[in-house]
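Okay, so here's the structure we're looking at.
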Amino acid sequence: MSYRTIKSNKGSKTPGTYGKTINDIEKLSELELVTEIQNKLKNYRPQKVRRKLIEKDNGKLRPLGIPCILDRIIQQSFKQVLEPIVEAQLYNHSYGFRPLRSTHHAMAGVQSLINKASLHYVVDIDIKGFFDNINHTLLIKQLWNLGIQDKKVLACISKMLKAEIDGEGLLSPLLSNVVLNDLDQWVANQWEFFPLNKPFKSRVGELLAKKRTNLKEDYLVRYADDFKILCRDWRTAQKWYHDVRQYLKEHLKLEISLEKSRIINLRKHQSEFLGFTIRANKKRNKRVAHTGIKTNKKQKIKAEAKKHILKLNASPSSQNALLFNSFVLGIHNYFNRATHVNIEFSRLAYDLRTFMYNRLKSVGKYEHPSNPPPTYKKFYSLGFKTFKIANVYPKHLGGNDKFNNLRILHKEVHKLIHQTDKQTIDKLINKLGITMPMVKKINIYREQCGLELI
DNA sequence: ATCGGACTGAC
RNA sequence: CUUGUCAGUCCGAU
């Protein structure tokens, strides 16, 4: 139905080894396409994949397989069927590769656990070569347990898995969530979901009762294979470290990296997650999460910025200036969520200031912006001078921006944002006729409040 | 309201 | 230089 949803870009010129191009497919009639796919599925044999290399933190490169167009259509359709089934059963604090969830949601989850629950010990676990070491027969079993019990479907999936030995296809992100969901549930069952004999009226009351038991208090936050367990003290943290290691080994046949996995006391040291640094600093008599940008990331940003400035110096076209702007806005947009953005970005701007001035003074005018575009006004105050190149103002890294916390909302929608009871949430959604994009927006606000996503 | 182009991040 | 999934942002067109 929707092969158009598969992005093709300019990469449509890969005939021969990768089979049909997106242009070929658009020429086919619907019927021809369907028969083609049916033929392929009869004896499904995934074709070659192109590879993209992605750089990991430690500088190592790992391949990411990109299957040919026809396989992408097939895998996409598998995904569209499997996703809602799996999605409904996944753990709430698993954030990687899931619709409506992002890195920012994961970070917000960690921060609220530090701030609200005062959990300052974090168990960082790094699984050794996770994507390469997934146990296929186990995965098929896990899918079966989740309710996918069509043997033909499972056979196709297992063939796809075999073809993707050292890369991943479209649905391996989804499958990675299937594998690690067992871990999520196992961890959560020991505290969060642990049933008490007495029913409790309020969640606070239940929480207090749980604290009196000798269960290990903990919460897990996961983004794909990158996960943390937050605990209150060092002893429980250590217990978790060993328990999780054993669980992964026995039940999922996965090893952890002993060098990279460790327990961190956030009051003394910082942990890292999704490009951010995290620590728990003193604020009056409390401790709150302070987040910044990872140092190696900062260096990369500086290097990239310099590259962009040089390009702008070489050819000061409006196109390049706009390109530079989208680069800056992109970075801002991601790292805005850090509590220390202002400090981090001011330093970046300071380090780059002379470089930028020297390179741009010959190609642009240094002036107070006159009649700047609305996005410029939104982010930067007008009191400062900036460059003007080919009629556009390049944005600087490190604008001190005020936060827009004031929004006018519908009364019921406001209720929905702060609501924690699942039934009332569902009721409200039905009553107000909330659509997907609306849920997205509401989740943004819920993220800011540190609440669970809908 | 739709549909394109660009950029950022995580994997 | 080329390019997958998810999320976000900017710009443009009708």
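Every chain is numbered from 1 and lettered A, B, ... according to where its sequence line falls, protein lines coming before strand lines.
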Q.
I need the CD-P distance between E87(A) and U5(C), as an integer number of Å.
A. 17 Å
(Q) Just verifying a value: how many Å separate L146(A) CG and L90(A) CG, rounded to the nearest 0.5 Å? (A) 7.5 Å
Q. Just how far is it from atom CG of L360(A) to atom CD1 of I309(A), taken to the nearest 0.5 Å?
A. 6.0 Å
Q | Spacing of K128(A) atom NZ relative to dC11(B) atom P, expressed in whole Å | A | 19 Å
Q: Compare the minimum distances between each of dT8(B), dA10(B), U5(C) and the side chain of F327(A), then state the nucleotide with the smallest one.
A: dT8(B)
Q.
Just the rounded figure in Å: distance from P of dT8(B) to CZ of F345(A).
A. 13 Å
Q. For the pair made of CG in L174(A) and P in dA10(B), what is the distance, rounded to whole Å?
A. 22 Å
Q. What stems, by residue range, does RNA chain C take part in, given at least 3 consecutive Watson-Crick or G-U pairs under 3.5 Å?
A. B:1-11 with C:4-14
Q. Nearest-Å distance, CG (L100(A)) to P (U5(C))?
A. 17 Å
Q | Euclidean distance, atom NE2 of residue H105(A) to atom P of dA10(B) [Å, nearest integer] | A | 17 Å
Q. Rounded to whole angstrom units, what separation is found between the CD1 atom of I293(A) and the C1' atom of dT8(B)?
A. 12 Å
(Q) Checking ring pair (Phe, Tyr, Trp, His ring centres under 6.0 Å) between W240(A) and each of F227(A), W186(A), Y247(A), which is the one that passes? (A) W186(A)
Q: Report which part of the nucleic acid G96(A) touches: base, sugar-phosphate, or nothing (heavy-atom distance under 4.0 Å, all strands).
A: nothing
Q: Could you work out which one of dT8(B), dC11(B), dA6(B) sits closest to the side chain of L323(A)?
A: dA6(B)
Nucleotide N/O of nucleotides 10-13 of chain C paired with protein N/O under 3.5 Å:
unit_1 : atom_1 : unit_2  : atom_2 : d
C10(C) : OP1    : K378(A) : NZ     : 3.2

**Q.** Interatomic distance, K141(A) atom NZ to L143(A) atom CG [nearest 0.5 angstrom]
**A.** 12.5 Å
Q) Between F97(A) and N333(A), which is nearer to the 5' end of RNA chain C once each is assigned its nearest nucleotide? A) F97(A)
(Q) With side-chain hydrogen bond (donor to acceptor under 3.5 Å, both in side chains) as the test, pick out the partner of R98(A) among E87(A), H105(A), E83(A). (A) E87(A)
(Q) Checking contacts here: which listed nucleotide (dT8(B), dC11(B), U5(C)) is nearest the side-chain heavy atoms of K79(A)? (A) U5(C)
Q: Would you mind telling me which of G8(C), A7(C), dC11(B) lies closest to the side-chain atoms of R337(A)?
A: G8(C)
Q | Nearest-0.5 Å distance, CG of residue D243(A) to CD1 of residue I229(A) | A | 9.0 Å
Q. Atom CZ of F335(A) and atom OG1 of T291(A): how far apart are they, to the nearest 0.5 Å?
A. 10.5 Å
Q: Figure out the CZ/C1' separation between F130(A) and dA10(B), and round it to whole Å.
A: 15 Å
**Q.** Pairs where residues 303-319 of chain A contributes a residue and the test salt bridge (Lys or Arg N to Asp or Glu O under 4.0 Å) is met, not counting sequence neighbours
**A.** E304(A)-K307(A)
Q: Could you tell me whether Y357(A) and Y366(A) have their ring centroids closer than 6.0 angstrom?
A: yes
